[in-house]
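Residue indices begin at 1 and follow the sequence shown.
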Amino acid sequence: MDQSSASSRIAGAVHDLASEVVFALQSEDHLSAVCGAAGIGEDDRTGIAAVRVIGADLLLPSILYGRDPHPGDIAVLQRAVIEFPPRTGAPAASAWSHWAMESTLRQLARAEAAETAEGLRQAGQFSATGTEPGAGWLEQAPWQALTHQLSVLAPLAVPAATSAVNRAANRRPVDVARGFVRAVRRRDWLQAAGAGRWLATLDGVPDTLGLDAGLDFVQLMGGQDARVTLHLRAARLIRSGSLR
């Protein structure tokens, strides 16, 4: 298989996965297997690569609604963590994306640990120390770069998250708002959707931004991209204040 064909297959699998996550978010059907619905199993190398792109958002319906994910989705996310670790010298965002997947799996395993020995074993399976990557690079980043990096790390934009990336974003809501507007003007709908999702989690966002109208506009213009819709659906759920 040539590289362009492989990239096309992965892009298709990413679209299918994101679409199934959106469906689960809309239906609150936490028992539905996202990977199974998208035709992805533990031995599907292309599908596993697509899961690495989606990252921790594979389990987003369970995270937002506070319910148990499908065991098949957990197993596939575990494979993605193992099969696609960050390369030496990889960008910081790649390390953080990988950490987000590991962190999600650790949280789930710890919840099981009180009941099963298997849960305890899994709790120590990924990055035993759970040490976060460094986030100092975000502190002094120009607002344009900050928004770009945060949009890549949108799976970290969930309620009550306390990572160093979340703390950096919490300190700069106005800069993220500026980045959201810039992304919309540049018609970069995926970045705009990721920034909008972050803004849904932050205090101090200027009222003059008109975030709800902005999210609607991004959906109208970029909603054919399932990843855009995923971030926008997450943002609206977070802003509704009805989760958990």
Side-chain angles (χ1 to χ4, degrees), residues 7-29 32 34-35 37-38 40 47 49-65 73 80 93-94 96-97 100-101 104 143-159 161 165-166 169 173 175-202 205 209-240 243:
S7 297
S8 178
R9 289 188 60 188
I10 292 172
V14 168
H15 176 84
D16 291 346
L17 276 173
S19 296
E20 293 299 336
V21 172
V22 170
F23 177 78
L25 288 172
Q26 291 172 335
S27 65
E28 302 186 31
D29 185 7
S32 176
V34 171
C35 290
I40 294 173
V51 169
R52 179 63 185 90
V53 175
I54 293 292
D57 273 345
L58 181 68
L59 304 184
L60 182 63
S62 297
I63 298 300
L64 290 184
Y65 292 122
D73 290 338
S94 178
W96 269 103
S97 177
M101 294 191 297
T104 299
W143 60 270
Q144 300 93 329
L146 173 73
T147 305
H148 169 71
Q149 295 296 333
L150 288 179
S151 69
V152 173
L153 296 174
L156 287 167
V158 293
V165 171
N166 295 87
D175 283 344
V176 181
R178 293 175 68 190
F180 173 78
V181 172
R182 179 176 182 267
V184 170
R185 288 176 174 170
R186 292 166 61 92
R187 305 176 70 85
D188 186 340
W189 308 122
L190 184 57
Q191 183 174 135
R197 177 171 165 181
W198 276 103
L199 289 167
T201 71
L202 304 180
V205 176
L209 176 65
L211 180 57
D212 289 323
L215 296 176
D216 289 342
F217 182 73
V218 174
Q219 179 70 62
L220 176 65
M221 300 300 293
Q224 70 276 11
D225 184 332
R227 295 178 68 193
V228 168
T229 299
L230 190 163
H231 292 322
L232 295 174
R233 179 62 180 168
R236 291 190 178 101
L237 285 170
I238 293 167
R239 282 180 66 76
S240 73
L243 296 171

Distance, nearest 0.5 Å, that separates [atom1] of [X] from [atom2] of [Y]:
{"X": "R239", "Y": "L211", "atom1": "CZ", "atom2": "CG", "answer": "4.5 Å"}
{"X": "D225", "Y": "L232", "atom1": "CG", "atom2": "CG", "answer": "10.0 Å"}
{"X": "R187", "Y": "M221", "atom1": "CZ", "atom2": "CE", "answer": "4.0 Å"}
{"X": "L25", "Y": "E20", "atom1": "CG", "atom2": "CD", "answer": "11.5 Å"}
{"X": "L220", "Y": "L215", "atom1": "CG", "atom2": "CG", "answer": "12.5 Å"}
{"X": "L17", "Y": "L58", "atom1": "CG", "atom2": "CG", "answer": "6.5 Å"}

If the condition is side-chain hydrogen bond (donor to acceptor under 3.5 Å, both in side chains), which residues does [X] pass it with, not counting sequence neighbours?
{"X": "S94", "value": "none"}
{"X": "T104", "value": "none"}
{"X": "Q149", "value": "none"}

Work out which heavy atom in [X] is nearest to a heavy atom in [Y]; give both atom names and the distance.
{"X": "A157", "Y": "N166", "answer": "CA-ND2, 4.5 Å"}
{"X": "V158", "Y": "I238", "answer": "CA-CD1, 4.5 Å"}
{"X": "S19", "Y": "A226", "answer": "OG-CB, 3.4 Å"}
{"X": "L153", "Y": "S97", "answer": "CD2-N, 3.8 Å"}
{"X": "A154", "Y": "H231", "answer": "CB-CE1, 3.4 Å"}

Legend entry - Non-neighbouring partners of D175 that pass salt bridge (Lys or Arg N to Asp or Glu O under 4.0 Å), sequence neighbours left out: R172, R178

Legend entry - Sequence-distant partners of R236, salt bridge (Lys or Arg N to Asp or Glu O under 4.0 Å), two or more places apart: D216

State which residues pass side-chain contact (heavy atoms from CB on, under 4.5 Å) with [X]; sequence neighbours excluded, sorted by chain then number.
{"X": "V184", "value": "F180, W189, A192, F217, V218"}
{"X": "V14", "value": "I10, A50, V53, I54, R227"}
{"X": "V205", "value": "P173, L199, L202, L209"}
{"X": "A11", "value": "none"}

For a 4.5 angstrom cut-off between non-hydrogen side-chain atoms, does [X] reach [Y]?
{"X": "D188", "Y": "R182", "result": "no"}
{"X": "V152", "Y": "W96", "result": "no"}
{"X": "L156", "Y": "W198", "result": "yes"}

Inset, instruction - Give every residue pair that meets the salt bridge (charged side-chain N to carboxylate O under 4.0 Å, His left out) criterion with at least one member in residues 51-65, sequence neighbours excluded. - result: D57-R197

Inset, instruction - Determine yes or no for a side-chain-to-main-chain donor-acceptor pair under 3.5 angstrom, with T147 supplying the side chain and W143 the backbone. - result: yes

Inset, instruction - For T229 and G223, indicate whether the former's side chain and the latter's backbone hold a donor-acceptor pair under 3.5 Å. - result: yes

